[in-house]
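Note that the structure is predicted; figures quoted are calculated from it, not measured. Quick note on labels: first sequence line is chain A, next is B, and so on, each numbered from 1.
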Amino acid sequence: MPQHWLFKSEPGVYSIDDLKRDKKSSWDGVRNYQARNYLRDSMKRGDLVLFYHSGSEIPEAGPGIAGVAKITREGYPDATALDPKHPHHDPKSTQAEPIWMMVDIEFVERFPAVVSLEELKGEKALEGMLVLRKGQRLSVMPVEPVHFEHVLKLGRSRK
DNA sequence: GCCAACGTTGGC
DNA sequence: GCCAACGTTGGC
C-alpha cells in the first residue's frame, strides 16, 4: 500500500503547472531535520503526494492543494547542499556524510481548481489533518489515507 | 543544558 | 507588510 504525503511549494517558485510541464522533478532544498527524516527513511517509490501551494504572491491564488504527484525515486543526497556555488549550499554536508536528502517525483494530476486552505479547514472529514494545524511549518509531511482520499474527492469534484 | 536572539515560514 | 509560530544558534 502506498503511503501519502503533502509537499509545500510556493507557486511563484515551483507550481503544479511547472511539474506538469517538466513531468518530473527532484524535490531538493529541504533544510529541516524532521522533514529530512521523512525524505530519507519513510518515503517509498509509488507513494502519492498532495501538491500544496503556499503563500502565493498572487492574491487571488490563495494557499491550497493544487494536485497530485508520485514518488519515483527514494531518498538520496541533496545535490544542492553539496554544491558550493548553489544558494542552498550547506558546508556541513559532505559527499561522505550528506546531511540533506531529496526524492524525485512525477506529475500525476492537476485539480481543475485549487482546493483552498479555507475550504480544507471547513471540512469535518479533514479534522486533525497535519497541514491544517496552526504553526505547522514542515515543508514535507505525512497525510492519513482517509484525508488523502477526501482531498482527492474534493479536488476532482469541481470544474 | 538553558534560554535569548535571530532567521524563516507562511497565513492573513 | 505584519506578525505568530517555530527551529537553530551561540553565549554562558
Side-chain angles (χ1 to χ4, degrees), chain A residues 3-20 22 25-43 47-69 71 75-105 107-144 147-148 150-155 158:
Chain A
Q3 308 170 92
H4 304 87
W5 306 95
L6 182 143
F7 287 10
K8 287 182 190 168
S9 184
E10 286 185 46
V13 178
Y14 198 80
S15 72
I16 188 84
D17 290 319
D18 293 323
L19 182 61
K20 186 176 183 182
D22 296 343
S25 178
S26 294
W27 209 256
D28 58 32
V30 174
R31 297 292 181 269
N32 170 285
Y33 284 99
Q34 198 180 344
R36 186 280 311 270
N37 293 344
Y38 288 134
L39 291 166
R40 185 188 61 190
D41 306 329
S42 306
M43 290 183 196
D47 285 359
L48 295 169
V49 176
L50 294 175
F51 197 106
Y52 181 88
H53 284 174
S54 69
S56 177
E57 60 288 347
I58 313 148
E60 59 270 24
I65 296 172
V68 179
I71 307 233
Y76 63 107
D78 184 331
T80 66
L82 300 171
D83 177 2
K85 291 191 292 291
H86 197 281
H88 294 149
H89 176 239
D90 182 350
K92 295 195 297 298
S93 192
T94 63
Q95 293 283 355
E97 290 180 73
I99 298 174
W100 306 114
M101 294 286 143
M102 60 183 179
V103 298
D104 288 353
I105 61 172
F107 175 80
V108 174
E109 72 177 280
R110 180 197 195 285
F111 294 149
V114 169
V115 183
S116 73
L117 179 60
E118 194 186 2
E119 182 176 358
L120 295 171
K121 282 178 176 168
E123 289 291 318
K124 232 358 190 198
L126 298 180
E127 224 164 76
M129 193 178 178
L130 216 50
V131 72
L132 302 180
R133 247 197 347 231
K134 190 178 155 90
Q136 177 54 69
R137 298 187 314 163
L138 271 181
S139 60
V140 150
M141 66 183 80
V143 172
E144 290 175 34
H147 291 161
F148 184 90
H150 192 73
V151 171
L152 263 198
K153 210 166 65 185
L154 290 174
R158 58 204 60 214

Can you tell me the distance, in whole Å, between the CZ atom of R133(A) and the P atom of dA4(C)? 21 Å
Tell me whether H4(A) contacts the main-chain N or O of H147(A) through its side chain, where contact means a donor paired with an acceptor under 3.5 Å. no
Kindly point out which of dT8(C), dG11(B), dG7(B) is positioned nearest to the side chain of L117(A)? dG11(B)
Interatomic distance, R31(A) CZ vs dG10(B) P [rounded to whole Å]: 15 Å
Please report the distance, rounded to the nearest Å, between CG in D90(A) and P in dT9(C). 9 Å
Would you indicate which nucleotide in dA5(C), dT8(C), dG10(B) comes nearest to any side-chain atom of K134(A)? dA5(C)
Measuring to OP1 and OP2 of dG11(B), would you say a side-chain N or O of Y52(A) lies under 4.0 angstrom away? yes
Looking at dG10(B), dT9(C), dG7(C), which one has an atom nearest to any side-chain atom of K8(A)? dG10(B)
Here the distance between atom C1' of dT8(C) and atom CH2 of W100(A), to the nearest Å, is 10 Å
Rounded to the nearest Å, what distance is computed from the CZ atom of residue F7(A) to the P atom of nucleotide dG10(B)? 14 Å
Could you tell me whether the side chains of S93(A) and R31(A) share a donor-acceptor contact shorter than 3.5 Å? no
Choose from dC6(C), dG11(B), dT9(C) the nucleotide whose nearest atom is closest to any side-chain atom of K92(A). dT9(C)
Parallel, tilted or perpendicular: which fits the ring planes of H53(A) and F51(A), with parallel below 30° and perpendicular above 60°? perpendicular
Salt bridge between D78(A) and R36(A), side-chain N to carboxylate O under 4.0 Å? no
Nearest-neighbour nucleotide for the S54(A) side chain, dG10(B), dT9(C), dT8(C) considered: dG10(B)
For the pair R110(A) (side chain) and D17(A) (backbone), establish whether a donor and an acceptor sit closer than 3.5 Å, ignoring hydrogens and angles. no
N32(A) CG - dT9(B) P separation (whole Å): 10 Å
Expressed in angstrom and rounded to an integer, what is the separation of L138(A) atom CG from dT8(C) atom P? 10 Å
What is the distance, to the nearest angstrom, from the CZ atom on R137(A) to the C1' atom on dC3(C)? 12 Å
